[in-house]
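The analysis underlying the following values was restricted to heavy atoms, covering all of them including side chains, and did not include hydrogens, waters or symmetry mates.
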Amino acid sequence: MAHGLPAVSFDCDTGPRDIIRHEVDGLLVPSEDVTCLSLALDRLMTNADLRQRFAERAIEVQERFSMERIAGMWEKLFLDIVEDRNNGKSFNLKF
């Protein structure tokens, strides 16, 4: 994607749906549905306009997941935790 290629992937619980924006820069299909994966690949391979549209947006992954942006998100989280502790609040991560 960082090189301008659209992606097709299974829509797993974690991973691909966090990166691929369905019908924006790639296609997500139901997990383990090989028939849907095949159809999605065929759709992308046989539709040059769709490939081009997705490719133009796929390169945005460079900015969305750049080291600077991700590091900034971590830094903000840590600063928020420190600020909360300094204000007497406890910080509870919930997953």
Side-chain angles (χ1 to χ4, degrees):
M1 291 179 73
H3 295 282
L5 296 175
V8 176
S9 177
F10 289 120
D11 188 10
C12 306
D13 289 336
T14 59
R17 89 169 59 126
D18 298 320
I19 299 168
I20 300 167
R21 298 171 296 179
H22 183 65
E23 296 288 345
V24 173
D25 51 24
L27 298 170
L28 294 169
V29 301
S31 188
E32 299 184 31
D33 189 334
V34 177
T35 300
C36 278
L37 180 65
S38 176
L39 291 171
L41 287 167
D42 182 66
R43 178 179 169 213
L44 199 56
M45 289 187 288
T46 59
N47 187 331
D49 291 336
L50 184 64
R51 271 195 321 275
Q52 182 61 36
R53 184 168 47 100
F54 286 178
E56 288 171 1
R57 300 293 304 272
I59 202 160
E60 295 170 6
V61 79
Q62 291 178 359
E63 174 59 30
R64 291 177 31 232
F65 296 100
S66 71
M67 182 63 75
E68 294 80 17
R69 183 166 184 189
I70 299 302
M73 292 169 73
W74 278 107
E75 183 177 14
K76 181 183 180 323
L77 173 65
F78 295 141
L79 291 173
D80 288 348
I81 291 170
V82 169
E83 182 179 335
D84 284 349
R85 286 195 177 177
N86 288 340
N87 291 330
K89 298 177 185 175
S90 64
F91 192 81
N92 213 352
L93 288 177
K94 295 180 182 177
F95 295 96

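For Ala7, the side chain to side chain contact (heavy atoms under 4.5 Å, CB included) partners at least two apart in sequence or on another chain are Met1, Ile20. A search for side chain to side chain contact (heavy atoms under 4.5 Å, CB included) contacts involving Met67 returns nothing, not counting sequence neighbours. For the salt bridge (Lys or Arg N to Asp or Glu O under 4.0 Å) test, residues two or more places apart in sequence or in another chain that qualify with Arg43 are Glu23. For Gln62, the side chain to side chain contact (heavy atoms under 4.5 Å, CB included) criterion is met by Ala2, Ile59, not counting sequence neighbours. Leu41 meets the side chain to side chain contact (heavy atoms under 4.5 Å, CB included) test with Val8, Leu37, Met45; sequence neighbours excluded.
From Leu27, atom CG reaches atom SG of Cys36 across 11.0 Å, with rounding to the nearest 0.5 Å. Between Ile19 atom CD1 and Leu28 atom CG the span is 10.0 Å, to the nearest 0.5 Å.
Nearest approach of Gly4 to Pro6, heavy atoms of both residues: O-CD, 4.0 Å.
At least one donor-acceptor pair under 3.5 Å links the side chain of Arg51 to the backbone N or O of Leu44.
The stretch residues 32-83 participates, sequence neighbours left out, in these ring-ring contact (aromatic ring centres under 6.0 Å, His included) pairs: Trp74-Phe78. The list of salt bridge (Lys or Arg N to Asp or Glu O under 4.0 Å) pairs with a residue in residues 7-22, not counting sequence neighbours, reads Asp11-Arg17, Arg21-Asp25, Arg21-Glu60. Here salt bridge (Lys or Arg N to Asp or Glu O under 4.0 Å) pairs that include residues 27-39, with residues two or more places apart or in two chains, number zero. The stretch residues 1-37 participates, sequence neighbours left out, in no ring-ring contact (aromatic ring centres under 6.0 Å, His included) pair at all.
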Is there a salt bridge (charged side-chain N to carboxylate O under 4.0 Å, His left out) between Lys76 and Asp80 once you walk through the steps? CA-CA 6 Å; Lys76 181 183 180 323; Asp80 288 348; 2.7 Å; yes
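Between Ile70 and Met73, some side-chain heavy-atom pair lies under the 4.5 Å cut-off.
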